[in-house]
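Structure record follows, encoded as structure tokens.
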Number of protein chains: 2
Amino acid sequence: MSALSTGRTSCKAGFPVARSAPAPSRRKTADGKSAAERPGGRASSRSSGSVTLSDVAKLAGVSPITVSRVLNRPELVTQNTIDVVREAIARTGYVPNLLAGGLASKRSRLVAAIVPTIASSMFAETVEALTDKLGESGYQVLLGLSGYPAIREDGLLDAILGRRPDGILLTGIMHSPATRQRLLAAGIPVVEIWDYTPTPIDTLVGFSHEKAGDAVARHLLGKGRRRLAVVGADDDRAILRRNGFRAALAGQGITDVPAVTVPAPGTLRTGRDGMARLLDGGARPDAVFCSSDIVAQGVLAEAQSRGISVPGDLAVMGFGDLDFAAYTFPALSTVRIDRRAMGRIAAETMLARMEDRGDIERVIDIGFEVIERAST
Amino acid sequence: MSALSTGRTSCKAGFPVARSAPAPSRRKTADGKSAAERPGGRASSRSSGSVTLSDVAKLAGVSPITVSRVLNRPELVTQNTIDVVREAIARTGYVPNLLAGGLASKRSRLVAAIVPTIASSMFAETVEALTDKLGESGYQVLLGLSGYPAIREDGLLDAILGRRPDGILLTGIMHSPATRQRLLAAGIPVVEIWDYTPTPIDTLVGFSHEKAGDAVARHLLGKGRRRLAVVGADDDRAILRRNGFRAALAGQGITDVPAVTVPAPGTLRTGRDGMARLLDGGARPDAVFCSSDIVAQGVLAEAQSRGISVPGDLAVMGFGDLDFAAYTFPALSTVRIDRRAMGRIAAETMLARMEDRGDIERVIDIGFEVIERAST
DNA sequence: CTGAAAGCGCTAACAC
DNA sequence: GTGTTAGCGCTTTCAG
């Protein structure tokens, strides 16, 4: 049913590893120890767990609060005290308990990020940029995967809110009333990304999908294309793009825009199948707007298998400008989004809100670019 | 300098949005409210934050511990009490504070996952599967990105250990002595993934990269290839694969195996450049083993641009079996890893360890498959 | 610049 | 079945 298959060298096994004659390794963690000695082992809770602030304080001959200050506000402490305490920290291998710290200070230094998926680099790069940027300021990211559609969002949100994050990042602007309500009640900064509205819950870093659809329509019209069609996933933002696309075409008197919808997230296969359905339905487009580069590749594959010349007979427009697509498909035009910038700016916005700075742009449109590759 | 560029419709702007004449929307969150009313606003700390267990208890007319039991061990409570308490929870919109809970119970219900990156779907899918699976049992994932090379691992680890995760997942088996030490000291389950050793720190779910390299070598030899070469990234696991590859060839008397190394993570561009370097260096391989599908595509591109027929004159072997590659490059063979299974099994292993079950396989080899597509 | 006391919100252990 | 008493490990506030 496809171009794959054939020779495969399989190699599966569960290694019981009840080995008792260890390799001549000098590794301390090599065998020969009982389960109780391993991490997490039942009997491993000797000394009732980890070193505390008081332990360090005792060793350093100061009070616990001084140790706390050395860690969090060293400018309030003498250099000498700092040295002594640092020494004690190093000796004991003390790792501050952020749960306790967060509870006492009401600042968890945790930021939650809810995205549909990280399996495609679409959102993953944004999350990665966010994580990097927030990490520089001592924040960590709690990952929430809402799926397509964001059916799990409400449940996820409760689980996440329970950690008392200092901020929360959401993908998109469509949230259930319950979600909005809880978010408002939580009283923490909210950054919505990957979408646009002048009235976000709190702040927004994204771009308009309608505008993107509109821009693509104009672009294709400008290239002389007139028989436009759509192969798109049924996710909220893809639908917005399609709407913008259609609206722009309608403005030019083009109202017959065949469209097929595939389940989100779109894949090569569904893209290809979608194109097949489009063509089998009698459509003879000279341009197809796809909801992602991946879907576009499927469309491309189907077109090629039917002997349709791309971009000669057919322009294919993707979305996302995924890395691999750029090199590999000179025939594929696309819409470029600076996904890392979105994450970075979202982080900056979140930091500004968390530190309660005043100079905050509540809505930042990072824009997009329509990239034409068909002509090269 | 490539096949990209040309026509771009840019659309960038920062929308200041100091708008005061809101659209005729009925959204409660629309404009017209002061900063203090927004989430996270300075003056927003009315009622000193969120509802607590005691608030709920008061409303329900029971003691705090009873509310706690309803939430965590309902089997110890009368159905009637449960109903009353649930009602009070719903009325108040209570969200349990997991920081406090974690501190008191010494169970954070947090699992940390440290991977080099999630920008490629390589690790992202594993993390996603892990997140899904752990989520079913009420655990959340704290994401740590260690980068290439894992230079940030030690610092990251401290930040992460401070959250007192109930378990930790690490990519690879090569860790600094400090890392190993801290991990052992933490006394929590550790699952190492994406690699293989019979003596993991605690448990392991992965596969042998040497074996993979070995299998690829045998596969290519079996196809009649004799002039083998490598284009690989300088990451630990790619190097292991290369070593396994070379060792297998050496066993067959093939010792001249030209190899070029590119920085990790490999990209299309570096792959292509690497292939160029390989060829410019005088190598005339009839098969190239690449460290990833992405790199392999770059190699493919360079080969094609030089008029080398693939797979006729040259076999190209990737690694990872990324989705898009399967459809798009019938000439590209690869090594398939079930990344989601790895994440799922890692989650199961971790859960088993956290719940201290006895029947645990400490080392699970999930294997791989060499996929031949060149002949189709 | 340093410390003592109190308490963040929850759960473990033991009573009743 | 339910409540009481402590205390998790830290930071806040106020003294000195």
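Values in this document were obtained by computation on a predicted structure and should not be read as measured data. In the text below, chain A, chain B and the rest are named by the order of the sequence lines, each starting its count at 1.
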Can you sort out which residues in residues 79-96 of chain A have a heavy atom within less than 4.0 Å of DNA chain D? Ascending by number, please.
A:Tyr94, A:Pro96
Return the 5'-most residue of the pair A:Ala100, B:Thr78 with respect to DNA chain D, ranking by each residue's nearest nucleotide.
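Between the two, 5'-proximity favours B:Thr78.
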Expressed as a whole number of angstroms, how long is the span from [X]:[atom1] to [N]:[atom2]?
X	N	atom1	atom2	value
B:Leu103	D:dA6	CG	P	18 Å
B:Asp166	D:dC8	CG	P	19 Å
A:Arg107	C:dG9	CZ	P	17 Å
B:Leu76	C:dC14	CG	P	16 Å
B:Glu75	D:dT2	CD	P	13 Å
A:Leu98	D:dG9	CG	C1'	11 Å

Nearest to the side chain of B:Leu53, which nucleotide is it out of C:dT11, C:dG9, D:dC10?
C:dT11
Quick one: is [X] getting a side-chain N or O under 4.0 Å of the [N] phosphate, OP1 or OP2?
X	N	result
B:Asn72	C:dT11	yes
B:Lys106	D:dG9	yes
A:Ser105	D:dC10	no

N/O donor to acceptor pairs below 3.5 angstrom from side-chain atoms of residues 55-64 of chain B, sequence neighbours left out:
| unit_1 | atom_1 | unit_2 | atom_2 | d |
| --- | --- | --- | --- | --- |
| B:Asp55 | OD2 | B:Thr52 | N | 2.9 |
| B:Asp55 | OD2 | B:Thr52 | OG1 | 3.4 |
| B:Ser63 | OG | B:Thr66 | OG1 | 3.3 |

Listed partners of B:Asp132 passing salt bridge (Lys or Arg N to Asp or Glu O under 4.0 Å), at least two apart
A:Arg152
Does a salt bridge link B:Arg362 with B:Asp202, judged by any charged N lying under 4.0 Å from a carboxylate O?
yes
Which heavy atom of B:Val127 sits nearest to which heavy atom of B:Ile118, and what is that distance?
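Nearest pair, atom of B:Val127 first, then B:Ile118: CG2-CG2, 4.5 Å.
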Side chains of residues 345-352 of chain B: which donor-acceptor pairs under 3.5 Å do they make with residues two or more places apart or in other chains?
| unit_1 | atom_1 | unit_2 | atom_2 | d |
| --- | --- | --- | --- | --- |
| B:Thr349 | OG1 | B:Ile345 | O | 2.9 |

Backbone of B:Arg164 reached by a side-chain donor or acceptor of B:Ser108 within 3.5 Å
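Here the side-chain-to-backbone pair exists.
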Which atoms of nucleotides 3-5 of chain C (N or O only) lie under 3.5 Å from a protein N or O atom, and what are those distances?
| unit_1 | atom_1 | unit_2 | atom_2 | d |
| --- | --- | --- | --- | --- |
| C:dG3 | OP2 | A:Ser63 | N | 3.2 |
| C:dG3 | OP2 | A:Ser63 | OG | 3.2 |
| C:dG3 | OP2 | A:Thr66 | OG1 | 2.5 |
| C:dG3 | N7 | A:Arg69 | NH1 | 3.2 |
| C:dG3 | O6 | A:Arg69 | NH2 | 2.5 |

Between side-chain atoms of residues 83-90 of chain B and protein atoms elsewhere (two or more places apart, or another chain), which donor-acceptor pairs fall under 3.5 Å?
| unit_1 | atom_1 | unit_2 | atom_2 | d |
| --- | --- | --- | --- | --- |
| B:Asp83 | OD1 | B:Gln79 | NE2 | 2.9 |
| B:Glu87 | OE2 | B:Arg91 | NH1 | 2.3 |

